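One structure is given here, and the rest of the page talks about it.
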2 protein chains.
Amino acid sequence: MVVLDEILIEEAAQAFAAMGSEARLLVLATLVKAGREGLAVGDIQARCAMPASTLSHHLRFLTSAGLIEQEKQGRTVINRAAYDRLEALAGYILKECCADQQRGACK
Amino acid sequence: MVVLDEILIEEAAQAFAAMGSEARLLVLATLVKAGREGLAVGDIQARCAMPASTLSHHLRFLTSAGLIEQEKQGRTVINRAAYDRLEALAGYILKECCADQQRGACK
DNA sequence: ACCATAATTCTAGTTATATCGAAATAATGG
DNA sequence: CCATTATTTCGATATAACTAGAATTATGGT
């Protein structure tokens with residue numbers, strides 16, 4: 001069993017930092033809800049109600065943290081949640097739970 | 001079935017922000033590994049190798065985000081990972097996955 | 001070529017965070 | 001009480017983030 005989604009601590013920290021702004025978390029949640037089809041920047045702007053430049057800034061932040069993926073289609077940019085990455089991050093938090101204890105797992 | 005660990009978006013953002021620093025994520029991971037017994041501030045300092053004042057700052061950040069809990073025992077302060085909270089946060093990310101789509105869940 | 005639309009980049013002001021030494025506080029033992 | 005240990009608070013500085021208007025680039029339609 002090969003682990004494909006091993007995450008370095010610095011990558012994890014960057015990803016969590018990207019989720020650590022209410023505005024960005026809202027954008028990310030909007031994309032997670034939207035599903036695999038994703039949303040154009042304008043659609044996100046309509047749903048999240050923020051200035052285009054602010055949104056663009058946050059989208060770049062989320063992209064560089066690997067939480068979303070962007071694909072250019074004509075003059076629109078489609079944004080999709082990076083579900084695999086998000087799952088890996090969800091697992092990261094408690095990954096090594098109680099590793100220092102000899103016997104017994106957590107809980 | 002009552003959901004006890006409902007999290008507001010602003011709380012989630014604060015929690016993720018707290019995990020969004022490499023130094024703090026290291027501290028948190030150290031506590032997660034340590035298990036329910038927790039660690040004194042001095043023990044964390046020894047394992048994470050950072051100045052006491054810096055560590056104290058990060059611990060306050062983590063505490064106010066609800067990621068760790070502190071208990072004073074004599075002159076030492078025991079720090080424990082808030083496992084319930086961490087689990088809730090892990091679930092938060094993909095909680096409403098594909099909610100906007102009529103049919104079919106994600107994947 | 002021209003114009004409307006989609007999105008990003010530029011620029012700047014404001015606020016928040018990171019770091020850490022020095023000093024202060026708090027609790028214990030002698 | 002005094003010394004010691006454990007931790008926090010203070011203060012200062014450096015860096016980074018948030019926000020958003022204005023300007024810019026890129027594409028598609030007419």
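Below, chain A is the first sequence line, B the second, and so on; all start at residue 1. All of these numbers come straight from a predicted model, not from anything done at the bench.
B:Ser53 comes within 4.0 angstrom of a base, heavy atoms only.
Listed candidates were C:dT8, D:dC18, C:dT17. Nearest to the side chain of A:Val41 is C:dT8. With distances taken from any side-chain atom of B:Pro51 to the nucleotides D:dT8, C:dC20, D:dA20, the minimum falls on C:dC20. Which of D:dC18, D:dT7, D:dA20 sits closest to the side chain of B:Val77 comes down to D:dT7. With C:dC20, C:dT9, D:dT8 as the candidates, the nucleotide lying closest to the side chain of B:Ala52 is D:dT8.
Below the 3.5 angstrom threshold, one finds a donor paired with an acceptor across the side chain of A:Arg75 and the base of C:dT5.
Not one side-chain nitrogen or oxygen of A:Arg60 sits closer than 4.0 Å to the OP1 or OP2 atom of C:dA7.
To the nearest angstrom, P of C:dT9 lies 15 Å from NE2 of A:His58. With rounding to whole Å, A:Leu59 atom CG is found 14 Å from D:dC18 atom C1'. The interatomic distance linking B:Glu22 (CD) with C:dT17 (C1') rounds to 15 Å, in whole Å. Nucleotide D:dT8 holds its C1' atom 12 Å from the CD atom of B:Gln45, rounded to whole Å. Counting to the nearest Å, the C1' atom of D:dA16 and the NE2 atom of A:His57 are 10 Å from each other. A straight line from CG of A:Leu55 to P of D:dT19 spans 11 Å, rounded to a whole angstrom. Spacing between atom CG of A:Leu26 and atom P of D:dC18 amounts to 14 Å, rounded to whole angstrom units. Between the CE atom of B:Met50 and the C1' atom of D:dT7 there is a distance of 15 Å, rounded to whole Å.
Although no hydrogens or angles enter the test, the distance criterion places no donor-acceptor pair under 3.5 Å between the side chain of B:Tyr83 and the main chain of A:Cys97.
Mapped onto DNA chain D by nearest heavy atom, A:Gly20 and B:Thr54 fall at different nucleotides, with B:Thr54 at the one closer to the 5' end. Nearer to the 5' terminus of DNA chain D, by closest-nucleotide assignment, is the contact made by A:Ala23 (compared with the other of A:Lys72 and A:Ala23).
Taking CG of B:Leu39 as the reference point, atom CG of A:Asp100 lies at 7.5 Å (rounded to 0.5 Å). Distance check, rounded to the nearest 0.5 Å: CD of A:Gln14 to CD of B:Glu22 gives 10.0 Å.
For B:Glu11 and B:Arg85, the salt-bridge test passes: some basic side-chain N is under 4.0 Å from an acidic carboxylate O.
For B:Glu37, the CD atom is loosely surrounded, since the number of other residues' heavy atoms within 6.0 Å does not exceed 12.
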